Amino acid sequence: MSTNNPIKPPKLATRIFKAYCKNELADSILGDMQEQFFKQAEHGKPMRAKLRYWQNVLTFVNRHTLKSDKPNPWFSKNHTSMLRNYTLVTFRNLKKNPLFSLINLLGLAVGLASSLIIFLYIQQELSFDSFHRNADQIYRVTSTYARPSATYNWVRTPPALAPAIKNNFPGIGKVTRLRSTDEHVYFIEDDPFILGRGFYADSMFLEMMDYPLAMGNPLTALDEPNSIVISSDLAMRFFGNQNPMGKIIRFDNELPLRVTGVLEELPSNTHLDFELLISFTTYVVPEGYLADLNSWSWGGFYTFVELNADLDVDQLEERVTGLYEENYTRTDTKVTAHFQPLKKLYLDYGHFTNHGDLVRLGDKNTIFTLMAIAILVLIVASLNYMNLSTAISLNRGKEIGMRKVMGAVSGRIKAQFLWESILLALASMFIAIGLTWLAQPLFSDLLQIELPTDVAGMLGILPVLLGVTLLIGFLAGLYPSFVLSTFSPIKALRGRLKTSAVGNRVRKGLTVFQFVVSIVLLTGSFLIIKQTQFMREQPLGFETENVLILNVLGVDMNERYDVLKNTMLRNPFVTGFSESSHQFSNSSSSGPAHLEGAPPSENFQLNYYQTGYDFIDLMDLEITQGRFFSKDFPNDTASAMILNETAVAQMKLEDPVGQRIQFNNRDRVVVGVVKDFNYSSLHAPVAPMAIVMPFTIPSTFLIKTQGDNLTQVISSIESDYKNIIPEAPFDIKFLDDDIARMYDQEIRLSRLVGLFSSLAVILACLGLYGLVTYSVQARLTEVGIRKVLGGSLSKIMVLLSKQFFILILVANLLAWPLIFWLGSNWLSNFHYRIDLDLSIFLWPTLSLLLIAAITVSHQVIKAAWTNPVKVLRSE
Amino acid sequence: MRQGIGEFEEIVLLVVAAQHDHAYGLSVTEAIEVQLKRSVKLSSVHTSLYRLEEKGLVESRIGDTSTLRGGRKKRHFIITTLGKRALIEAQEARQTLWNQIPSSVLDISKG
């Protein structure tokens, strides 16, 4: 070895080592490391020596070698070291009062979590269709038909509109049409599948909207006639693991369609709801329709346009309106076109007469209601947090007194409590995020709400959440910090703190506010539940139990209808069988009616329903005048019509039977009047309605059954059906289920409001608990003296709890008018509604009183049982 | 109850005892590497020595230096009475186990 060996240990490594290693160990370890280095370098392995040296530097990091006592410059500053002390004391206090602290933290966390959930949901609802790259340029063309009798807003437009826009305004951008496929049977080999969620779509559709294809080319997939694009779910169901591309699907067992694309799973926030697309060129106008694809009066097609960026929408609307003026032939109608932005379709539909099909619709009211609830719950939670924090802090008189004696000015005490409050709020924020994550399955199962599960969605809302949390922490900390910092050290050192009368009033005010919110929410959910129940139990005027709806699709029923009917009627479980033009809960068709002899401009719009002779008995309806359709009158099939009472009243017919009416371009005679029945949702009053006999044999049938064993009944009907129509699937539903589905929205709303209002009640009770604890503690001396002087247990309990019940009563008095106002507003959405009577107010109030009594009694009983010696000894 | 020592600690302690009065981090490391043919990191030996010191099984003092070390002093480790007792106990424990093995088992020639 030579002493002037050029190889030296790496300097940087040595420096790093010196930076972390304790001084007293550094020298000897470095010596060892260097000795090892030089020995290895001497053996002619300088690289390995260096590597070993570095490895040593990195592996020597452990608790024996790390510097521990070197003062950190940040913590060494005076105010930051106090911050460290405050944090320490915060944790000590949490430990000292674990139950109370847990209640406090959890209360705020639950409040934060529920608003977080609601905000996530609202964010999702507001994001509909924003995933399309050009969403801001895409519009749906809708039209308004202004007639002397009424004005109609249609979301769907005539089939000739889209080609006309394309031809007349070549520079406009992209134009596409959609027509729903209705339910059909799709055959894969010999397996039939009934599918209804599909569109005939122009070839431009997949270029305009961003529904990505897992297979196939979006630019060409819908170009050829007889092309079909299916969802990946369908591809799996139809073909399993085989490659679906190019496979043949037989539409109604006749028309072969070739699979030209497979859709990726649709985003959950698309307003169009479909699982298959068929190229528009495949579409054939069904037999029996009076219109063709050049029609300007058949409003059955969605028209979408994607505008080139610089076009003026208002001007375009005018020019498209001009197209209607040129082509629409009815002179009594003024048609105007509107361009509705794609992103608004999901929520902004209230002005439309008809909402179209296969679209998902949100509800603005639900969003507003939930938003209000979220904010209220958040406020209640923060107030509660504030009350509880104050209550806990009041036991800390000695600490505050001591701090003051040691020289803390009131500003430092304020800073301490603010810091504590913010720290705890942050802690609850993390608990809230955890709770939200845990609650996600509950929301998707119970409430059918899809929350965004992706991290990006959660992260997007994190800054807002953090801001809100810090704000709550700060505001909630303000009150206790000001209260606690003003005590004189002598008073504070005596232990228990008492606040001023003003402070008491503030806290009572807050509690009253919390209870007003809870009562409003609780009564609100009670009201919604009652109304929903009322609607479901409301006599509809017809038989709903034991009625089944049978759908026969893709089969020519002309020959087999009689066989089917006779076989069914011979079945011992079947007591009635009737054809039906559509299911009850679906929107019915409507047509214009013109009374004979009335001026030509006087038109009525009547909903109509097509059915056969047995309908009236099957549904248990009542004929008030005239008769129902009868086989004795062969003309009935073509020219008879039945009106409901509302239609008679609306058309002001004094003697309706025998009245001639031109309905849907056919001359008809009214043969009878049926008592009103609620054939659609109870939001609206019964609309005027006509019943006529079907033009062709429909594909939907109503079957009335008897027998308790439903499985037996249905399997018996199914075997009869399979004997007659073996090729089509057996598709049967219950009428009650169908009707119940009309109230899905209300049921969901009632569950949501119910859930969050119970949370609000729990939070309010936590706040009450804090208040009770606080004021009972403050009066312990008084309780002691009363007991010594012979006050009875019950008297003391009444004395202590009286004020809280007064608070709750005040809250009730304030809440009732509010509920009355909000409740009547909401109920006015319904034609059939419950009265806002006393029972609506009574039950929530009583239950709240009970819950409050339980909350209060715990502390009150504890105080009343206290041994007076304990509290009076120190006085 | 006295803190037990691990297998590696026992080896380190043995080497410290063997190199009486001259043991320091690197010497122990080298001894283990050369004599036991076991690859070992300098840092693990040091850590082990400090832990033994914490347990009171060895003591350390600052010792001499050499040019090879750039003038840095060695930290010498010496076994304490407690350490000696721990070694003896460990050996006795092993011996007890050894003695329990039937002689036929260890007769390698029989396979």
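Residue numbering restarts at 1 for every chain, and letters A, B, ... go by the order of the sequence lines. Everything quoted here is computed from the prediction, not taken from an experiment.
Separation of atoms CZ (A:F37) and CG (B:L42) is listed at 14.0 Å; rounding is to 0.5 Å.
The minimum heavy-atom distance linking B:S43 with A:T59 is given by the pair OG-OG1, 3.0 Å.
A side-chain donor-acceptor contact under 3.5 Å links A:D32 to the backbone of B:L26. Of the possible polar contacts, one joining the B:R69 side chain to the A:S28 backbone as a donor-acceptor pair under 3.5 Å is found.
Taking 4.5 Å as the limit, every side-chain heavy atom of B:K41 sits out of range of all side-chain heavy atoms of A:F60.
Contact check on B:E30 versus A:K39 returns a salt bridge, with a Lys/Arg side-chain nitrogen under 4.0 Å from an Asp/Glu carboxylate oxygen.
Atom CD of B:E59 sits in a sparse spot, with 12 or fewer heavy atoms from other residues, nucleotides or ligands closer than 6.0 Å. More than 12 heavy-atom neighbours from other residues, nucleotides or ligands sit within 6.0 angstrom of CD on A:Q55. Surrounding OH of A:Y20 are more than 12 heavy atoms belonging to other residues, nucleotides or ligands, all under 6.0 Å away. Around CZ of A:R48, the count of heavy atoms belonging to other residues, nucleotides or ligands within 6.0 Å does not exceed 12.
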### Message
The test is side chain to side chain contact (heavy atoms under 4.5 Å, CB included); show your working for B:H46 and A:H64 and say whether it passes.
### Response
CA-CA 9 Å; B:H46 268 269; A:H64 298 284; over 6 Å; no

### Task
Show your working on side chain to side chain contact (heavy atoms under 4.5 Å, CB included) between B:K74 and A:E35 and close with a plain yes or no.
CA-CA 10 Å; B:K74 290 175 186 167; A:E35 195 178 330; 4.2 Å; yes

### Task
Tell me, with the steps shown, if A:N62 and B:Y50 meet side chain to side chain contact (heavy atoms under 4.5 Å, CB included).
CA-CA 11 Å; A:N62 63 37; B:Y50 300 144; 5.5 Å; no

### Task
Evaluate the criterion salt bridge (charged side-chain N to carboxylate O under 4.0 Å, His left out) for residue pair A:R63 and B:E54; output intermediate values, then yes/no.
CA-CA 12 Å; A:R63 73 179 171 90; B:E54 269 178 359; 3.0 Å; yes

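Qualifying side-chain hydrogen bond (donor to acceptor under 3.5 Å, both in side chains) partners for B:N99, counting only residues two or more places apart in sequence or in other chains: B:Q95.
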